[in-house]
Amino acid sequence: MEIKHHKKYNKYLEHQIYNLIRQDEHSTLANAVDAFLMIVVLVSVVVAFISTFDLPTHYTTAINTMEMVFVILFTLEYAIRLWTADLMYPELSSTKARLKYAKSGMAMVDLLSILPFYLPMFGLSAGAMRGIKLLRLLRVFKINRYTSSLSLIGNVLKTRASQLLSSIIIILLLMFIASMLMYDIEHQAQPDKFKNAFSAMWWAMSTITTVGYGDIYPITTAGRILSAIITFLGIGLTAIPTGIVSAGFIEQSRKLEAQKAPKHKVEPHHKYCPCCGQQLPDRDEDPVIDNR
């Protein structure tokens, strides 16, 4: 009896924690937990940024302590989400459900964001750790779990993927053609700048995107005319993806508003007059006038 009671209590506790961390919008406590975790994620990213500076020892010690606290919190969150994964996939066994969750995108982000803290225990070199520590920046993607902003961006990119891909291909073709033309025009005048088509590709990229770093530019008349033409074409072509994404945002925003809008129940058409009780004609029929 005690074992059964213990199992029932564990299942009840698992359900309560599952509802708490899976963004139950009707729960004030769940919203508070989400807000707390989002603040922790943002603070941890800021701390990771500050840790790149040369700071006094007492500041470094404080930052290391904060990093340890963050890792403990994120490890607990990852363990809890892994533990309650069987409720997320009730059709699977507990082991298969947890393995399926562990292979999901957000679970991988959770795991990779805490790995830099544990990997030094396995004797990795300092050079390898410098690269692995960059994985801490993946924590910023954890915000996607507590706000719909990143999900909205992802939905826009998914729905407009084919259009964006088409516009990017056109821009790449223009870059390729412009770099080949500029190489043929400027190579003899500036062999040190336009050594090959790849060097001209760098010029084409900075010109089409209207960045214009100034490290490489044409000096011949034909090259300058071509540069002006490519600049005007670049302004128009680089605006195409912006318009596509903007239209996608408007479309997704309208869908969200439609989902959140209250659904009003349509009242049936009255068949009898509420005053005299006489039967009313259908909407498609002409009204019958009683001259009595």
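Computed over heavy atoms, backbone and side chain alike; hydrogens, waters and symmetry mates excluded.
- Taking OG1 of T207 as the start and CD1 of I229 as the end, the distance is 12.5 Å to the nearest 0.5 Å.
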Which donor-acceptor pairs under 3.5 Å do the side chains of residues 230-237 make with protein atoms, sequence neighbours left out?
| residue | atom | partner | partner atom | Å |
| --- | --- | --- | --- | --- |
| T231 | OG1 | S227 | O | 2.7 |

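- With hydrogens and angles ignored, the 3.5 Å screen pairs a side-chain donor or acceptor of S206 with a backbone N or O of W202.
- Under the 4.5 Å side-chain contact rule for hydrophobic residues, L115 and L76 share a cluster.
- Residue pairs meeting the salt bridge (charged side-chain N to carboxylate O under 4.0 Å, His left out) criterion with at least one member in residues 44-72, sequence neighbours excluded: E67-R136, E67-R139.
- A donor-acceptor pair under 3.5 Å links the side-chain atoms of S104 to the main chain of Y101, judged by distance alone.
- At most 12 non-hydrogen atoms from other residues, nucleotides or ligands lie less than 6.0 angstrom from CZ of F198.
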Q. Does the pair S246 and F249 meet the rule for a side-chain contact (heavy atoms from CB on, under 4.5 Å), with working shown?
A. CA-CA 5 Å; S246 300; F249 267 109; 5.7 Å; no
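- Closest of all the heavy-atom pairs between P218 and W203 is CD-NE1, 3.7 Å.
- Linking Ile, Leu, Val, Met, Phe, Trp and Tyr whenever their side-chain heavy atoms come within less than 4.5 Å leaves I168 and L173 in two separate clusters.
- For the atom pair OH (Y217) and CD (E186), the distance works out to 10.5 Å, reported to the nearest 0.5 Å.
- Applying the ring-ring contact (aromatic ring centres under 6.0 Å, His included) test to Y78 and every residue at least two apart in sequence or in another chain returns nothing.
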Q) Given the rule in the side-chain contact (heavy atoms from CB on, under 4.5 Å) test, do F74 and V40 qualify, once you have shown the distances and angles that lead to the verdict? A) CA-CA 9 Å; F74 294 146; V40 170; 3.7 Å; yes
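- Between the CG atom in L181 and the CZ atom in F176 there is a gap of 10.0 Å [rounded to 0.5 Å].
- Using modelled atom types and a 3.5 Å distance limit, the side chains of N196 and S199 yield a donor-acceptor pair.
- Here the CE atom belonging to M182 is positioned 9.0 Å from the CD1 atom belonging to I216, to the nearest 0.5 angstrom.
- Pairs of residues two or more places apart, or lying in two chains, that qualify as salt bridge (charged side-chain N to carboxylate O under 4.0 Å, His left out) and include a residue from residues 154-177 are R160-E251.
- Remark: M68 CE to F117 CZ distance equals 4.5 Å, nearest 0.5 Å.
- Rounded to the nearest 0.5 Å, atoms OG1 (T220) and NE2 (H187) are 13.0 Å apart.
- Not a single donor-acceptor pair under 3.5 Å links the side chain of R98 to the backbone N or O of D86.
- Residue I185 comes nearest to A222 through the heavy atom pair CG2-CB, 3.9 Å, listed as atom of the first residue, atom of the second, then distance.
- At a threshold of 4.5 Å between non-hydrogen side-chain atoms, the residues I250 and R254 count as touching.
- Between V71 and T75 the shortest heavy-atom distance is O-OG1, 2.6 Å.
- When side chains are defined from C-beta on, F70 counts as touching V47, because their heavy atoms get closer than 4.5 Å.
- Connection of F36 to V46 is established within a shared hydrophobic cluster, with ILVMFWY side chains joined at heavy-atom distances below 4.5 Å, either directly or through further cluster members.
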(Q) Would M66 and V43 count as a side-chain contact (heavy atoms from CB on, under 4.5 Å) here? Give the steps. (A) CA-CA 10 Å; M66 293 176 68; V43 173; 4.2 Å; yes
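- Sorted pairs that involve residues 224-236 and meet salt bridge (charged side-chain N to carboxylate O under 4.0 Å, His left out), not counting sequence neighbours, are lacking altogether.
- Looking at I171 and P241, their side chains come closer than 4.5 Å, going by heavy atoms from C-beta outward.
- Residues K100 and L92 approach most closely at CD-CD1, 3.7 Å, considering heavy atoms.
- Cluster annotation: M201 and Y183 are assigned to distinct hydrophobic clusters (Ile/Leu/Val/Met/Phe/Trp/Tyr, side-chain heavy-atom contacts under 4.5 Å, transitive).
- The shortest heavy-atom contact between M175 and I208 is CG-CD1, 3.2 Å.
- Under the 4.5 Å side-chain heavy-atom criterion for Ile, Leu, Val, Met, Phe, Trp and Tyr, I170 and L164 are members of the same hydrophobic cluster.
- In this structure, A200 and S179 approach most closely via the heavy-atom pair CB-O, 3.2 Å.
- Scored by the ring-ring contact (aromatic ring centres under 6.0 Å, His included) test, F53 finds F49 as partners (sequence neighbours excluded).
- A donor-acceptor contact shorter than 3.5 Å is absent between the side chain of Q163 and the backbone of I244.
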